[in-house]
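Since the structure comes first, as structure tokens, the remarks are kept for the end.
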Amino acid sequence: MSLILIAALPFLGALLPGLMIRSGRTACAWATASVTLAALIGLLVHAPAVMRGEVIQYQLEWMPMLGLNVNFFLDGLGLLFAGLILGIGLLIIIYARFYLSRNDPMGQFYTYLLLFQGAMVGIVLSDNVLLMLIFWELTSLSSFLLIGYWKHLPEGRQGARMALAVTGMGGLALIGGMLILGNIVGSYDLTVILQNKDLIQASPLYLPALILILLGCFTKSAQFPFHFWLPHAMAAPTPVSAYLHSATMVKAGLFLMARLWPVLAGTPEWFYIVATTGLITMVLGAVIALFKDDLKALLAFSTVSHLGLITMLLGFGTPFAAVVAVFHIINHATFKAALFMSAGIVDHETHTRDIKRLGGLRHLMPVTFTIVMVAGLSMAGIPLFNGFLSKEMMLDVATEAPWNGNHWIVPALATLGALFSVAYSFRLIVHTFLGPKRDDYPAKPHDPGFGMWAPPALLAVLVVLIGIMPALMVGPLVATASGAVIGGELPYYSLKIWHGVNAALFMSIAAVAGGLVLLAMHRPLDAAWIRARRPEAKAIFDALMGTVTGAAKALTDGLHNGAMTRYASVFTLAVILAGSAAWFGGTAPAPVREVMAIGPVPLIGWILLIVATGCMAAFHRNRLLSLVLMGIVGLIVSVAFAYMSAPDLALTQISVEVVTIILLLLALNFLPKHTPVESSNARRFRDGTIAVLGGLAVGGLTLAMLLSDFSQESISAFHLANSKPGGGGTNVVNVILVDFRGFDTFGEIIVLGIAALVIFAMTESVLGSPVGAWLKQRPINPNEAGDRHPLMMVVATRVMMPIALMVGVFIFLRGHNEPGGGFIAGLIVAIAIVMQYMASGFDWAAARQRYPYHMIIALGVFAAALTGIGSWFAGRPFLTSNYGYFQIPPMGEFELATAMAFDVGVFLCVVGAVMLALESLSRFAHRAGDRPSPYPMDIDPSRDLPQEAKDA
Amino acid sequence: MNHWIVAPILLPAVMAAFIILAARYQVALQRVFSVASTVALLGIAIGLLVKSMSGDIGVYELGNWPAPFGIVLVLDRLSATMVTLTAALAVAVVLYAIGSGWDKRGHHFHALFQFQLMGIFGAFLTGDAFNLFVFFEVLLIASYGLMIHGGGAVRLRAGVQYVLYNLLGSTLFLFALGTIYAVTGTLNMADLAQRVAELPADDTAMIRVAAILLLLVFAVKAALIPLHFWLPATYAEAPAPIAALFAVMTKIGAYAIIRMYTLVFGPDVAATADIVGPWLMPAAVVTLIIGMIGVLGASHMGRLAAFAAVGSMGTLLIAVALFTPQATTAALYYMIHSTLAGAALFLVVDMVRARRTAEDDIIASRPAIAQNGLIAAYFFAAAIAMAGMPPLSGFLGKLLVLDAVRAHDMVWVIWAAILVGSLIAVVGFARAGSMVFWKVETPPEGEASEAEPSPSAAALPFVATGGLMAGIVALTVFAGPVTAFLSDTSAQIFDRDAYIAAVLETPRAIEAESLPHEGTKK
Amino acid sequence: MILSYALIFTTGCFALALLMNLWRVVSAPGVPDRILALDTMVINFIAILVLYGIIEGTAVYFEASILIAMVGFISTVAYARFMLRGNIIE
Amino acid sequence: MNADMALWQEITVAAFLVIAGVFGLVGSFGLIKLPDPMTRLHAPTKATTLGVGGVLIASMLYFFFAKGHLSFHELMITLFLFLTAPITAHFLAKANLHTDVKRDEVPPPAGDRPWAGFESDAARQIAEDKGTQG
Amino acid sequence: MIARILPHPLLTLTLVVVWQMLVNYVSLGTLVFGLILGIVIPLITAPYWPDRPRLKNPVMIVEFILVVLYDIVVANIVVAKTILFTRNTAMHPAWVSIPLDLRTPEAITVLAGTITMTPGTVSSDVAADGRSLLVHCLDAPDPDAVRDEIKQRYERRLKEIFE
Amino acid sequence: MEYLLATAIGAMTAAGIYLLLRQRTFPVILGISMLTYAVNLFLFASGRIAINLPPVLLNKTPTYTDPLPQALVLTAIVISFGMTAVVVLMGLGAYLSARTDHVNLNEGQDDSAEAGK
Ligand code: NA
Ligand code: NA
């Protein structure tokens with residue numbers, strides 16, 4: 001079977017449980033198991049070749065640019081791990097079928113499990129470190145789902161998050177390390193990396209890479225000080241613990257250390273970091289395990305201890321130690337998985353995992369007892385069981401590992417670890433199964449069904465078989481796997497029960513004896529342990545996470561507290577500072593332009609402007625006054641435009657001004673008329689400082705600009721030259737607007753149209769909400785004068801509206817050649833209509849409005865767009881204009897340009913948008929009691945005249 | 001004459017006008033037109049993308065005026081990619097809006113939506129700096145309307161901030177454009193590129209100011225710290241489909257930075273070389289960190305998604321700030337990814353919100369919602385994508401960025417920021433997800449467990465969100481071809497001369513000299 | 001020559017008038033006074049603009065003047081209506 | 001500035017200008033000097049309007065003398081100002097009545113109903129319902 | 001028929017004149033175009049000006065305008081003197097209520113406007129029944145005289161024009 | 001002349017920024033309007049300034065002021081008008097809905113008494 005298929009099968013198969021669960025739990029389990037079985041068979045097919053020393057490969061390009069490819073390879077190490085993952089996985093699937101209760105969603109469980117399995121297989125088969133990283137992180141994610149599987153349990157959620165946080169962190173460090181590694185070697189392919197030991201170890205980046213990679217490995221393999229997550233992951237269902245936390249996930253770290261052993265190991269850095277960490281972890285885990293009353297917690301810390309042991313072995317960096325490590329990986333997987341499953345059985349049957357509430361189960365659960373006995377003795381390192389063999393070899397290695405010149409510290413600590421290991425293993429057996437039967441078990445215990453005990457039993461058989469005939473059972477596997485780890489000649493070693501009388505034997509005996517003493521003294525020791533103050537990992541982690549989360553929340557909420565004033569001051573300051581820095585980092589242009597003399601007219605304008613501007617800031621709390629002042633500033637600005645040769649701008653500015661003021665007045669009617677004093681003096685000073693800085697910056701930039709010249713001739717020379725011959729108009733500004741840059745104008749009128757639509761939609765939304773009802777019911781302001789629609793105003797409007805329309809037409813028509821155009825004309829017409837609204841009221845005027853403003857806007861956009869599209873038919877791009885001169889007898893010659901049609905669109909859009917906006921806004925004032933005015937004016941004495949008098 | 005280039009701008013404009021004109025009061029008709037238009041736009045966009053693959057740069061001279069005197073639209077691989085991405089996102093968003101009924105909660109949703117698309121497409125396609133401003137305004141004003149669609153006090157207040165902040169941005173844009181014009185006398189980007197490169201060495205201060213101001217303008221759009229303050233409240237309070245569409249809004253800022261600071265103020269332009277990269281990189285790093293911290297510190301899912309967007313912009317801008325072809329490839333890949341993922345996340349958040357009794361999105365235990373499992377799965381996938389965890393494209397994008405950054409001086413800081421940022425995000429997402437989907441409040445005794453009937457069993461929201469997820473998966477699976485294309489795109493981006501030549505020396509320019517506009521006396 | 005002096009004199013008069021108007025806008029005791037001052041200011045601006053047209057000998061400021069007149073009228077009415085009724089379109 | 005003018009033409013234009021300037025200044029001065037809002041209203045509505053009217057006539061004459069063509073534009077602005085000034089004044093007077101003047105400070109109108117500015121909306125509606133203005 | 005096309009001939013005439021003023025020169029073309037607009041625009045705006053008044057005596061308009069123009073000039077000088085040379089305390093501001101004989105809104109408006117544009121008087125409000133005009137006088141030692149002069153000088157003429 | 005324009009633009013910018021940093025929507029909107037004036041003049045000034053040289057080819061002058069910035073400013077004026085209209089309305093809507101016109105989301109919950117005045 002192709003390697004990719006082996007890796008992909010669990011992923012593909014992950015879809016199955018969800019589908020099969022409808023056919024029943026057994027069918028679901030079988031489907032899942034068959035997937036794993038298929039993958040296992042696929043793997044074993046390759047076993048002979050691998051045993052022969054061949055390396056199976058598979059390559060598929062994925063992201064060649066990054067060097068991320070779907071490259072797999074299978075060597076001895078991969079075979080060992082993949083075999084463990086799939087083999088134990090198969091047992092776990094069967095076990096879980098019986099373990100999970102009817103209430104547990106089994107389909108989900110198997111899906112997660114298969115995802116996890118696939119990720120693990122992926123890690124061990126990957127030939128590309130980036131690909132491996134993907135699988136690596138996937139194990140973290142899928143284990144998150146598995147640990148949190150019982151989502152109703154808070155421990156499950158917390159445990160899952162803790163595991164994810166710790167292993168995720170390691171995974172991210174690992175990414176960094178792998179990238180460095182790939183950077184050193186120039187390839188992310190493992191097979192290439194593994195051949196570059198010298199390059200890697202000589203690199204100055206070796207140490208950072210090593211530390212980052214080890215961070216990944218240590219967190220995953222629960223090495224001190226990252227060991228604390230593993231016990232909390234025990235909130236997961238036992239099959240998960242048995243699988244993830246004995247045989248697979250925690251071994252991923254070991255796998256990676258083994259995988260990279262050829263290129264990373266052998267340096268002092270490696271030794272001191274890896275071996276020391278392993279040693280500490282081994283001892284610490286074993287000590288803590290002894291004092292755990294929860295069966296699974298005990299096993300979890302024992303796992304921590306054994307992982308430390310293997311880590312230490314790998315850390316020694318000698319080939320023989322590596323062989324021992326490989327051997328112990330196999331042994332640990334077998335006895336630990338069996339123990340976890342057995343613990344699950346105990347839990348399942350007695351409804352408790354608390355050793356203090358157990359004891360005497362030997363009689364009630366003989367089968368389980370047997371399995372635990374075998375596996376537990378193996379864990380204790382008792383001869384005839386496989387754990388003994390590898391532990392013996394470990395102690396042997398330890399005697400030859402001086403630590404900073406000190407020859408006894410490693411063996412001593414290793415023995416200590418073994419001693420505690422013996423103690424807790426015996427405690428597990430003795431305190432759970434031996435002793436008198438109790439009558440207060442939470443449930444009545446008995447052995448489970450075959451399906452549940454068969455998997456651990458099978459493992460227990462293996463424990464014994466390997467323990468008795470190691471060379472026969474696992475000799476070739478250990479050889480190939482260690483060969484892959486060492487990446488060269490295998491050292492001399494022998495897998496046999498009896499190695500003769502040596503130091504290791506004495507250490508072993510000491511361990512067993514000491515362990516038994518410890519067990520005998522457990523009660524007082526336990527009491528002392530409980531009394532002793534020691535750092536509680538979970539509490540520290542929780543406190544840390546709480547602090548971090550709290551800090552994150554405080555920082556986030558503090559920084560983004562919704563204070564617009566602060567946001568705006570940060571914005572302004574950032575702009576001023578960045579702009580100044582940019583300016584002073586460059587060379588300022590020399591002032592080359594002559595300064596124009598200051599005439600009296602501009603001087604007056606300037607004084608007025610400065611005074612008005614200053615007053616506006618000073619008196620801004622009086623809103624009406626500040627609005628008036630703003631109108632004055634606008635007026636001065638538009639006169640300034642006129643003065644500085646920009647008549648079009650003056651016209652536009654002034655007509656926009658008035659509409660803006662009307663809008664603001666309409667709004668101000670509902671807003672408070674005064675702005676309260678809220679800022680402290682210090683704050684006002686600060687704001688004033690920012691304002692002055694901004695003013696200085698902008699003023700300075702303006703001056704520099706006005707005194708310098710274009711670096712090259714402006715493109716507007718072309719516009720001036722081509723306006724008449726090319727665009728058919730003499731008002732160059734207008735020709736730019738409707739022709740040269742007509743597309744800008746197209747966007748601009750759409751902005752206006754959208755503005756009106758937004759205003760309309762918002763008005764609808766506000767008036768449709770409770771606010772609208774409240775507005776309608778609000779009391780009439782007693783401070784209102786009478787005379788809604790004054791007679792004089794109405795009459796004046798009647799005369800002025802036609803004249804204003806006339807002016808609008810005039811301004812529109814001349815726009816192409818003289819100041820004016822569709823935009824200004826549109827505003828004038830809109831103002832004329834607004835005048836009508838102001839005079840005779842909304843209802844009366846709106847009743848006489850024949851075309852909805854929505855429609856006018858849309859027609860405007862259409863007119864502009866269709867004019868532009870029209871040029872397609874002439875084979876020209878959008879908005880290409882044409883013009884001609886026509887002669888109609890009484891009226892003389894006149895010019896028609898397609899740009900004018902475009903300008904009609906502009907005109908319509910402006911009229912529609914302005915009117916729709918004002919109309920929407922004026923609807924806010926509608927009150928429930930208001931009567932639509934039937935007359936254009938409130939006072940009309942002619943209404944009393946007899947009809948004849950009117951006709952006369 | 002290839003008029004297709006202008007189609008992505010014209011079609012939505014005309015369609016929006018048509019909706020206003022003919023279907024102002026008929027939501028069903030609006031939906032039909034809106035979906036038809038959006039799907040057609042996707043088709044056009046794909047067509048343009050295919051066209052751009054040839055490597056030729058398409059130039060469309062509006063009004064038949066040659067660059068730099070008229071406005072031109074430019075279709076290169078970059079703009080085609082952005083247009084296609086937006087169009088694809090738009091299809092999902094419009095379907096979600098319809099399926100969830102969001103479009104009915106106020107007036108003119110579809111018209112504004114089409115106008116919004118017009119603005120975005122215009123911004124991507126234009127080759128003129130001032131026209132870019134105009135399209136920024138089009139897309140902004142449409143976004144204002146969409147942001148407050150549905151109304152409500154909180155949304156309106158957040159909307160006011162959003163508008164005010166962007167008005168500042170627009171003002172700044174004009175200052176920048178004024179400065180640019182004052183120095184160079186041109187507005188066309190290609191022409192600008194030429195003229196800026198030829199500036200005398202003793203006249204750099206003004207153009208430097210212009211360059212930095214313009215960068216700040218785009219930084220506002222791209223939510224770069226310290227100009228990102230508009231984003232969290234806006235995204236969190238905007239209607240979900242709009243927040244999803246906004247996923248591409250921040251990218252417009254990134255796009256503009258890429259465009260302007262490779263073409264005009266490129267790394268090899270002496271006058272401005274030292275101001276953009278060095279400013280951008282640290283800001284991007286801080287943005288990333290602040291965003292990810294926000295993910296951890298958020299108390300509402302909407303804000304969580306918003307800060308995830310900030311964080312993703314940080315990652316993206318880190319890649320952008322390197323201004324190398326390789327990094328730009330990474331940036332583009334990450335940009336596509338984060339757009340899809342960010343949008344999906346907002347939609348998932350909305351699904352939760354819609355199903356909760358109080359319609360809130362607080363990250364706390366609440367009674368079980370309908371379709372909890374499926375939505376949780378969606379959230380899990382979107383979270384993985386946003387946090388940049390394997391196996392989705394976020395991880396690949398992150399790897400690309402990490403890989404691209406290797407030669408940079410700040411490599412350690414950047415790597416640490418990206419990796420630590422991911423960790424914080426992972427923890428934050430895990431916290432939020434487990435609180436919202438796992439820690440389900442059990443209803444009081446005696447009440448039915450499924451108290452809330454499913455508010456909207458409509459499949460369309462799931463289809464729309466699923467479509468985005470499918471996009472992410474496709475981006476992951478086809479990472480090879482996609483990065484190959486994006487690599488070509490980056491190469492084209494950094495080939496300034498080709499761009500300039502295409503815009504300023506098209507065959508049309510020769511014809512233009514003889515002035516096709518001659519007025520004929522009749 | 002005479003004309004020049006006359007122009008300077010008149011411009012000065014209106015300039016002074018404008019300053020007085022602005023002073024009034026800011027310092028008037030009541031809102032109607034402010035509006036009145038604003039209205040006067042607009043008219044004086046028109047005068048200044050026309051004077052400027054004479055000085056420069058150009059007629060291009062005509063449109064601006066008529067528009068300013070129109071707009072000044074509308075805004076004065078709007079302000080007054082705001083004073084009287086609060087709502088300027090009802 | 002164009003100097004191709006006869007002296008009498010210049011003097012005519014200058015005279016209009018000077019008169020206009022004086023009126024303009026007086027109008028704005030009155031705005032400050034006069035004692036109460038209603039009296040202040042008189043100054044600008046007349047003096048200023050006449051002032052700007054004078055400038056406009058001066059401009060018209062100037063262009064007629066200097067350029068030889070009669071411009072109607074100025075006339076139009078003048079007419080417009082004369083048309084709008086009373087309305088403006090009317091509104092401002094109403095505003096003054098509303099803010100500064102009590103109802104009994106002004107003489108009563110001839111009919112039963114009060115000055116329009118003093119009549120509430122409700123009273124107006126009742127009167128309208130009666131279907132008569134008087 | 002003519003009434004439908006030309007609802008208000010005077011307005012049309014005004015608009016034609018305005019158009020000439022706008023384009024600032026007179027030619028056949030501008031006249032024709034002005035006439036077209038002068039016809040079209042009143043038609044468009046007709047809904048906003050229902051019940052258009054009839055003019056009984058258009059010739060009287062000329063006389064009226066001349067009288068008013070004369071008054072404006074004279075009056076301005078009077079007001080300027082008042083502003084400049086009368087002490088504030090020496091002034092006699094006064095309110096005057098003027099009963100109206102005019103009934104059409106257009107006529108009342110013209111009267112009110114005339115009062116405002118002429119010296120020392122500002123028409124300030126209309127009675128709610130439209131039958132009185134409130135006028136403010138800048139300096140009127142004898143308010144009754146003001147009232148009589150207004151009625152005599154302006155209202156009489158307007159009544160002839162409009163009613 | 002150049003100095004007048006530059007200082008005027010600077011003054012308007014300063015006033016605009018100061019108002020922008022106030023805490024209620026109304027002054028803030030006026031502040032933005034001031035900034036808009038300033039930036040429009042700035043953009044206009046980017047073509048440098050000239051007196052009595054309007055870019056209308058009918059005048060028989062041989063030189064004209066730069067027409068392009070004028071066109072740009074025109075577009076900018078129109079756009080900012082639309083923006084102002086929208087923000088004014090949004091400010092009003094927010095005030096009516098939330099009963100406060102505070103621009104800061106973290107403040108202004110307690111001035112509902114002012115609403116409706
Ligand atoms: Na985003
Ligand atoms: Na009078």
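Just so it is clear: chains get the letters A, B, ... in the order the sequence lines come, proteins before strands, and each one is counted from 1.
Closest approach of A/L635 to C/F45, counting heavy atoms only: CD2-CD1, 3.3 Å. The two atoms that bring C/Y52 and A/V601 nearest to each other are CD1-CG2, 4.4 Å, heavy atoms only. Summarising the geometry of C/A15 relative to A/I604, their closest heavy-atom pair is CB-CD1, 2.8 Å, with the distance given to 0.1 Å.
With a threshold of 4.5 angstrom between heavy atoms, A/Y643 approaches chain C through its backbone and through its side chain. In this structure, chain C has no heavy atom under 4.5 Å from any part of A/L921. With a threshold of 4.5 angstrom between heavy atoms, C/L84 approaches chain A through its backbone and through its side chain. Using a 4.5 Å cut-off between heavy atoms, C/V42 contacts chain A through both its backbone and its side chain. Heavy atoms of C/R81 lying under 4.5 Å from chain A belong exclusively to its side chain. Looking at C/L38, the atoms closer than 4.5 Å to chain A (heavy atoms on both sides) all sit in the side chain, from C-beta outward.
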Side-chain donor-acceptor pairs under 3.5 Å in residues 63-72 of chain C, sequence neighbours left out?
residue: C/E63; atom: OE2; partner: A/R814; partner atom: NH1; Å: 2.5
residue: C/E63; atom: OE2; partner: A/R814; partner atom: NH2; Å: 2.6
residue: C/S65; atom: OG; partner: C/Y61; partner atom: O; Å: 2.8

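The residue among C/I35, C/I74, C/V77, C/L16 with the most heavy atom pairs within less than 4.5 Å of chain A is C/I74.
For residues 19-27 of chain C, a heavy-atom distance under 4.5 Å to chain A picks out C/L19, C/L22, C/V25, C/V26, given by residue number. Contacts with chain C (heavy atom to heavy atom, under 4.5 Å) involve these residues of residues 815-830 of chain A, listed by number: A/I824, A/I828. Annotation: residues 606-622 of chain A contacts chain C through A/I607, A/L608, A/V611, A/A612, A/C615, A/F619, A/N622 [non-hydrogen atoms, separation under 4.5 Å].
With a 4.5 Å cut-off on side-chain heavy atoms, C/Y79 and A/L624 count as touching.
Expressed to the nearest 0.5 Å, how far CG of A/D843 lies from CD1 of C/I89 amounts to 12.0 Å. A distance of 7.5 Å separates OG of C/S75 from CD1 of A/I654, quoted to the nearest 0.5 Å. Separation of atoms CD1 (C/I48) and CD1 (A/I636) is listed at 11.0 Å; rounding is to 0.5 Å.
Side-chain atoms of C/R34 never come within 3.5 Å of backbone atoms of A/V628 as a donor-acceptor pair (strictly under, hydrogens ignored).
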